[in-house]
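As a basis for the values below, the full set of heavy atoms in this structure was taken, side chains included, without hydrogen atoms, waters or symmetry mates. As the structure is a prediction and not an experimental result, all values here were calculated from the model. First the proteins, then the strands, lettered A, B, ... as listed; each starts at 1.
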Protein chains: 2
Amino acid sequence: MPKRGKKKEENGSGDEAGPAPAKAPKASPAPLYEDPPTREATPDGRRWTLKVTSWNVDGLRAWLKKGGAKWVQEEAPDVLCLQETKCAASAVPAELRELPGLPHQFWSSAKDRPGYSGVGLLAKTEPLDVTYGIGDPEHDVDGRVLTAEFPSLFVVCAYVPNAGRGLVRLEPRLRFDAAFLRFLQRLDARKPVLLCGDLNVAHAEIDLCHPRANRASAGFTPQEREGFSKLLDSGFVDSFRHLYPEARGAFTFWTYLGGARALNVGWRLDYAVVSRRLLGALCDCKIRSAVQGSDHCPITALLAV
Amino acid sequence: MPKRGKKKEENGSGDEAGPAPAKAPKASPAPLYEDPPTREATPDGRRWTLKVTSWNVDGLRAWLKKGGAKWVQEEAPDVLCLQETKCAASAVPAELRELPGLPHQFWSSAKDRPGYSGVGLLAKTEPLDVTYGIGDPEHDVDGRVLTAEFPSLFVVCAYVPNAGRGLVRLEPRLRFDAAFLRFLQRLDARKPVLLCGDLNVAHAEIDLCHPRANRASAGFTPQEREGFSKLLDSGFVDSFRHLYPEARGAFTFWTYLGGARALNVGWRLDYAVVSRRLLGALCDCKIRSAVQGSDHCPITALLAV
DNA sequence: CCTTTCACG
DNA sequence: CGTGCAAGG
């Protein structure tokens, strides 16, 4: 991710050469994203029956204090996937444990590293089964993946490792990508998969504000982008981009540094990825850009399953 | 210092056996201290000419945000002694560097330990000389003592090392006490001394709320109290106790834990100590108990020098 | 309880 | 910039 030490040089002679609008005193470098009206049904007219929300909360306890759970209650998803909880299961506040509508809760957190990584999966109905991790000890110690099996599909909640400043952790990240793809393929062989989470990659230039400046930044290296491409080549679909192939400025993450969010200097790092055979069930994928509480915003997938 | 893990068991069957008042729903375990009217002159009628304020700020930058400097400006001392600045000289905010009335500023902070210890001495008039430390490398690395020489006296700003939880650092503390006393005696041989600061000891039972419970607590061990007694036996006077030998509940520190300050469960750890021959010049020693901004309150000494 | 630094993002 | 942590008090 970009450091962006400079204060507000977002429109300078930087990487985006397009002409600045003449009027605005502080032109936005990327247009603000307008979430279109919700598509309540599939193209063939079946209304959605499954609502899954995913949110990188950047610290569950701080997010709770900022009212994150209140928004979730209004959104009322059937499944909620949380990433970067930074919170052991035993430390999840009662306010969340008692959240109406999501009584079945599963938590995974980093072993021996309190306050690092961690994911949660909360469900309205009890899953048939829940598994922790991807079956690879190198990555499973971090608490990054939860998988809930439901009658018609798997819901996978994932927090993909960041490659780090200066790409110091790019190698382990790429090992994760490979192992995770194999994990998803094994699932997909059994039942369709809905993968939700912070995949820590902006796939294409359209998926971040400053693609050229970030060619060597964690989350936009060729290797990480290629990892995502391989996922798509393996029978999975990026639901948002499938529905909105041209949508620009549709980001889910903005660094806290430099007031990036107000300028929509962001990245699309959070995805709802579906098995290709689930596409007929896909109604919509919403990006809740205006929702505060973290440096990521939530996304919500709607399926008729 | 006491841990006080329990919530509000301040009146239980603890160390203070006196009968609890029957009426108050939550009786204060120690009477609140009422600072008496200021004695503006010496007993023989000379008005004060030197005002010295001392304050353990528990983090200079947080203290500034809480308005500490505004209160200092109203108090308008000639010399300001600050302890636990937790701030390198280069990191002192401009707000303080430009504080009207105290243009001559001297800072000392811990070597190789950013955010630990540190003292500051600020003066209205330029000192003849300023020295750093007490001439003992073991202690001088911590940034605990600043000495400013003025025409008629030395002003010493000191932050005496805490003996630590479980008294794990009692031995170095006692070495400091011994070395510091020798340092003060050398000064006193040249000019009278006004020593201000957090001496990290409550001298007598009257100087803390729960003396019996704290016989083995840092700041009230027999060895630390004896160190202070030795100071008094060496020609120095605790100005506050000299003026107010019977004053109870006169504390300058309250742990943040358990709401101790509202209950006046405190300690007198901050002192203005004077060379005995300065007693004739002593007008008053004020304890500004109501002033917020730190877990210590400021004290102010008034002298006619 | 509260401040500082730190690692991480 | 902001989280959760550790050390210190």
Sorted by chain and residue number, the salt bridge (Lys or Arg N to Asp or Glu O under 4.0 Å) partners of B:Glu205 (sequence neighbours excluded) come out as B:Arg215
Can you measure B:Asn200 atom CG to D:dG8 atom C1' for me and round it to whole angstrom units? 12 Å
Are B:Tyr271 and B:Phe228, when compared by the centres of their aromatic rings, separated by less than 6.0 Å? yes
Salt bridge (Lys or Arg N to Asp or Glu O under 4.0 Å) partners of B:Asp238, counting only residues at least two apart: B:Arg268
What side-chain donor-acceptor pairs closer than 3.5 Å can you find for residues 112-119 of chain B, not counting sequence neighbours?
| from | atom 1 | to | atom 2 | distance (Å) |
| --- | --- | --- | --- | --- |
| B:Tyr116 | OH | B:Arg144 | NH2 | 2.9 |
| B:Ser117 | OG | B:Asp142 | O | 3.1 |
| B:Ser117 | OG | B:Gly143 | O | 3.4 |

Sorted by chain and residue number, the side-chain contact (heavy atoms from CB on, under 4.5 Å) partners of A:Ala204 (sequence neighbours excluded) come out as A:Ile206, A:Asp207
Expressed as a whole number of angstroms, how long is the span from B:Arg169:CZ to D:dA7:P? 14 Å
Taken to the nearest whole Å, CD/A:Gln83 to C1'/C:dG9 is 14 Å
In numerical order, the residues of residues 64-72 of chain A whose heavy atoms come under 4.0 Å of DNA chain C are none
What is the distance, to the nearest angstrom, from the CG atom on B:Asp112 to the P atom on C:dT5? 14 Å
With a 4.0 Å limit, can you tell me whether B:Arg61 has a side-chain N or O closer than that to the phosphate oxygens OP1/OP2 of C:dT5? yes
In whole Å, I'd like the distance from the CG atom of A:Leu263 to the C1' atom of D:dC1. 14 Å
Return the nearest nucleotide to the side chain of B:Asp58; candidates are C:dC1, C:dT3, C:dT4. C:dT3
Just how far, in rounded Å, is P of C:dG9 from CD of A:Glu84? 7 Å
Between B:Lys86 and B:Asp58, does at least one N-O distance fall below 4.0 Å, as a salt bridge requires? yes
Would you tabulate the pairs of protein nitrogen or oxygen atoms and nucleotide nitrogen or oxygen atoms of nucleotides 6-8 of chain C closer than 3.5 angstrom?
| from | atom 1 | to | atom 2 | distance (Å) |
| --- | --- | --- | --- | --- |
| C:dC8 | OP1 | A:Arg113 | NH2 | 3.1 |

Spacing between A:Gln292 atom CD and D:dC1 atom P, to the nearest angstrom: 16 Å
Rounded to whole Å, the CG-P distance (A:Leu257 to D:dT3) equals 13 Å
Pairing residues for B:Glu226 by the salt bridge (Lys or Arg N to Asp or Glu O under 4.0 Å) criterion, not counting sequence neighbours: none
Enumerate donor-acceptor pairs with a distance under 3.5 Å from any side-chain N or O in residues 166-177 of chain B to protein atoms, sequence neighbours excluded.
| from | atom 1 | to | atom 2 | distance (Å) |
| --- | --- | --- | --- | --- |
| B:Arg173 | NE | B:Asp177 | OD1 | 3.1 |
| B:Arg173 | NE | B:Asp177 | OD2 | 3.2 |
| B:Arg173 | NH1 | B:Pro161 | O | 3.0 |
| B:Arg173 | NH1 | B:Asn200 | O | 3.0 |
| B:Arg173 | NH1 | B:Glu224 | OE2 | 3.0 |
| B:Arg173 | NH2 | B:Leu199 | O | 3.3 |
| B:Arg173 | NH2 | B:Asn200 | O | 3.2 |
| B:Arg175 | NE | B:Glu138 | OE1 | 3.1 |
| B:Arg175 | NE | B:Glu138 | OE2 | 3.2 |
| B:Arg175 | NH2 | B:Glu138 | OE2 | 2.8 |

Partners of B:Trp63 by ring-ring contact (aromatic ring centres under 6.0 Å, His included), sequence neighbours excluded? B:Trp55
